[in-house]
Amino acid sequence: HQVAKPLFSRVGIFLMLLIGLSGLYPLMHSKAHFFDLMSQAQEIILHDWWVILPIYGISLLTVALHELGHGVCCKHYGGTASYNFPEKWPRIAVSLAGPFITFVTWSLSCWCFYWCEDPLWQFIWNMVLFSETIGLIMNFNPFLRMDAYYMLMDWTGISNLRDKATQYVTALFTGKREKYAGYPASLQRWLLGYGLVGGAMTVLMFVYPFVVFLPRLLQDSEGWLRIG
C-alpha cells in the first residue's frame with residue numbers, strides 16, 4: 001500500500017485516467033487490423049499453438065492486477081473488507097478500483113498491439129486486448145453481479161437490488177403490487193426501472209444472440225452432415 005499510495009492522490013488518479021484514455025488513439029488507428037486478426041484467430045492458434053501460453057499468462061496477470069486494485073484500495077481506507085465501511089463512498093471506490101486498473105492495463109495493451117511489429121506477438125496482444133475489453137464491458141455492466149452492480153447498490157442504498165427489482169416487476173405483472181404499497185416512491189421507481197431495463201438487457205445479451213445464431217449453426221451442422 002505504501003508503494004501505491006501516490007496513485008490515490010489527485011495527480012495519480014488523473015495520470016492513470018489519462019493513460020487509460022490514451023489507449024483510444026492506437027485502437028482507433030488500428031481497429032481494422034484488430035478485427036482482421038480476430039477473424040484469423042482459429043487459423044493462427046492451430047498453426048502456432050504456443051501463442052496460447054503468453055495470452056493466458058498476460059491475461060492472468062491483468063486479472064491479478066484487477067484484484068490487487070480492489071485490495072490496495074480497501075487497505076487505503078483502513079479496512080480488510082469494503083462491506084464493513086460505514087460510509088458508501090469508500091465502498092464504491094473499492095468496487096471501482098479493480099476495473100479502473102483494468103482500464104489502465106487495457107490502454108497499455110492497446111499501445112503494445114499498436115507498436116508491436118512481430119505478427120505473432122501482435123496477435124497475442126490482440127487477444128489480450130479482446131479479453132480485457134470483454135472484462136471491462138462486464139465489470140461496468142450494472143445488470144451483472146460484478147463491480148458496477150455493487151457500486152450501484154452502494155450508491156442507491158438498496159441491498160440485493162437485482163432480486164428485489166425482479167420480485168417487484170413480477171408482482172407488477174401478476175397483480176400483486178399492493179404488497180409494495182408502503183414502499184417509498186423513489187424506491188419503487190428504482191426497482192421498476194432496474195427490473196425492466198435488466199430484463200431487456202437479459203433478452204438482448206442472451207436470448208437475441210441465441211435466436212440469431214442458432215439457425216446458422218443448424219445450417220452449418222446440416223452441411224457437415226451432408227459432407228459426412
Side-chain angles (χ1 to χ4, degrees), residues 8 10 13 16-17 20-21 62-106 130-217:
F8 291 92
R10 291 183 179 181
I13 293 172
M16 286 193 292
L17 181 61
L21 292 173
T62 61
V63 171
L65 290 172
H66 175 107
E67 298 303 327
L68 185 63
H70 287 307
V72 172
C73 188
C74 189
K75 183 71 174 178
H76 175 73
Y77 286 104
T80 55
S82 61
Y83 57 79
N84 291 326
F85 297 151
E87 298 181 1
K88 66 180 180 181
W89 294 113
R91 296 198 301 270
I92 292 173
V94 172
S95 296
L96 178 61
F100 189 67
I101 293 298
T102 300
F103 181 51
V104 175
T105 60
W106 171 87
F130 175 73
S131 173
E132 288 180 303
T133 301
I134 296 299
L136 280 172
I137 293 172
M138 294 178 67
N139 274 289
F140 280 112
N141 183 349
F143 300 99
L144 298 175
R145 291 182 185 271
M146 300 185 78
D147 294 321
Y149 173 73
Y150 295 105
M151 284 187 272
L152 184 60
M153 279 203 307
D154 285 324
W155 184 56
T156 60
I158 306 172
S159 60
N160 299 318
L161 175 59
R162 184 174 180 174
D163 294 338
K164 289 179 180 178
T166 302
Q167 293 167 8
Y168 180 83
V169 172
T170 302
L172 213 62
F173 284 103
T174 55
K176 299 178 181 179
R177 186 178 180 179
E178 63 276 2
K179 64 186 292 186
Y180 294 94
Y183 279 44
S186 60
L187 175 57
Q188 292 194 50
R189 285 194 295 269
W190 268 110
L191 296 178
L192 177 62
Y194 186 90
L196 292 177
V197 177
M201 288 291 292
T202 300
V203 172
L204 183 64
M205 292 178 63
F206 298 104
V207 179
Y208 177 75
F210 181 78
V211 171
V212 170
F213 291 110
L214 181 60
R216 297 181 185 179
L217 291 173

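The figures that follow rest on heavy atoms only: side chains count, while hydrogens, waters and symmetry mates do not.
Tyr194 places a side-chain heavy atom less than 4.5 Å from the side chain of Tyr149. Val169 has its side chain within reach of Leu196: a pair of non-hydrogen atoms, C-beta onward, lies under 4.5 Å apart. Inter-residue side-chain proximity for Asp147 and Leu96 is flagged as unmet; no heavy-atom pair is nearer than 4.5 Å. The shortest distance between side-chain heavy atoms of Leu17 and Phe103 falls below 4.5 Å. Using a 4.5 Å cut-off on side-chain heavy atoms (C-beta onward), Val104 and Leu65 make no contact. Looking at Val72 and Phe8, their side chains come closer than 4.5 Å, going by heavy atoms from C-beta outward.
Considering only residues two or more places apart in sequence or on other chains, Phe130 meets the ring-ring contact (aromatic ring centres under 6.0 Å, His included) condition with none of them. Evaluation of the side-chain hydrogen bond (donor to acceptor under 3.5 Å, both in side chains) rule for Thr102 yields His66 as partners, not counting sequence neighbours. In terms of the side chain to side chain contact (heavy atoms under 4.5 Å, CB included) criterion, residue partners of Leu172 (sequence neighbours excluded) are, by chain and number, Tyr168, Arg177, Leu192. Scored by the side-chain hydrogen bond (donor to acceptor under 3.5 Å, both in side chains) test, Asp163 finds Arg145 as partners (sequence neighbours excluded). Applying the side chain to side chain contact (heavy atoms under 4.5 Å, CB included) test to Pro86 and every residue at least two apart in sequence or in another chain returns nothing. Remark: Ser159 engages Lys164 in a side-chain hydrogen bond (donor to acceptor under 3.5 Å, both in side chains) (not counting sequence neighbours). In terms of the side-chain hydrogen bond (donor to acceptor under 3.5 Å, both in side chains) criterion, residue partners of Thr133 (sequence neighbours excluded) are, by chain and number, Trp106.
Judged as a side-chain hydrogen bond (donor to acceptor under 3.5 Å, both in side chains), not a single pair has a partner in residues 79-90 (not counting sequence neighbours). The salt bridge (charged side-chain N to carboxylate O under 4.0 Å, His left out) pairs that include a residue from residues 89-100 are Arg91-Asp154, where partners are two or more places apart or lie in different chains.
With rounding to the nearest 0.5 angstrom, the OG1 atom of Thr62 is 4.5 Å from the CD atom of Glu132. To the nearest 0.5 Å, the span separating CE on Met146 from OG on Ser95 amounts to 11.5 Å. The SG atom of Cys73 lies 10.5 Å from the CZ atom of Phe100; values are rounded to the nearest 0.5 Å. For the atom pair NZ of Lys75 and CG of Leu68, the computed distance is 13.0 Å after rounding to the nearest 0.5 Å. Once rounded to the nearest 0.5 Å, the distance linking CD1 of Ile158 with CH2 of Trp190 reads 7.0 Å.
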(Q) Could you walk me through whether Thr170 and Lys176 satisfy the side chain to side chain contact (heavy atoms under 4.5 Å, CB included) test, starting with their C-alpha distance in whole Å, then the side-chain angles of each, then the deciding distance to 0.1 Å, before giving a yes or no? (A) CA-CA 8 Å; Thr170 302; Lys176 299 178 181 179; over 6 Å; no
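The two residues Ala81 and Cys74 make their nearest non-hydrogen contact at N-SG, 3.5 Å. When all heavy atoms of Gly78 and Phe85 are compared, the closest pair comes out as C-CE2, 4.4 Å.
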Using distance only, find each side-chain donor-acceptor pair of residues 135-144 under 3.5 Å and give its atom names and separation, not counting sequence neighbours.
| from | atom 1 | to | atom 2 | distance (Å) |
| --- | --- | --- | --- | --- |
| Asn139 | ND2 | Gly135 | O | 2.8 |
| Asn141 | OD1 | Phe143 | N | 2.9 |

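Looking only at distances, a side-chain donor or acceptor of Gln188 sits under 3.5 Å from a matching main-chain atom of Tyr183.
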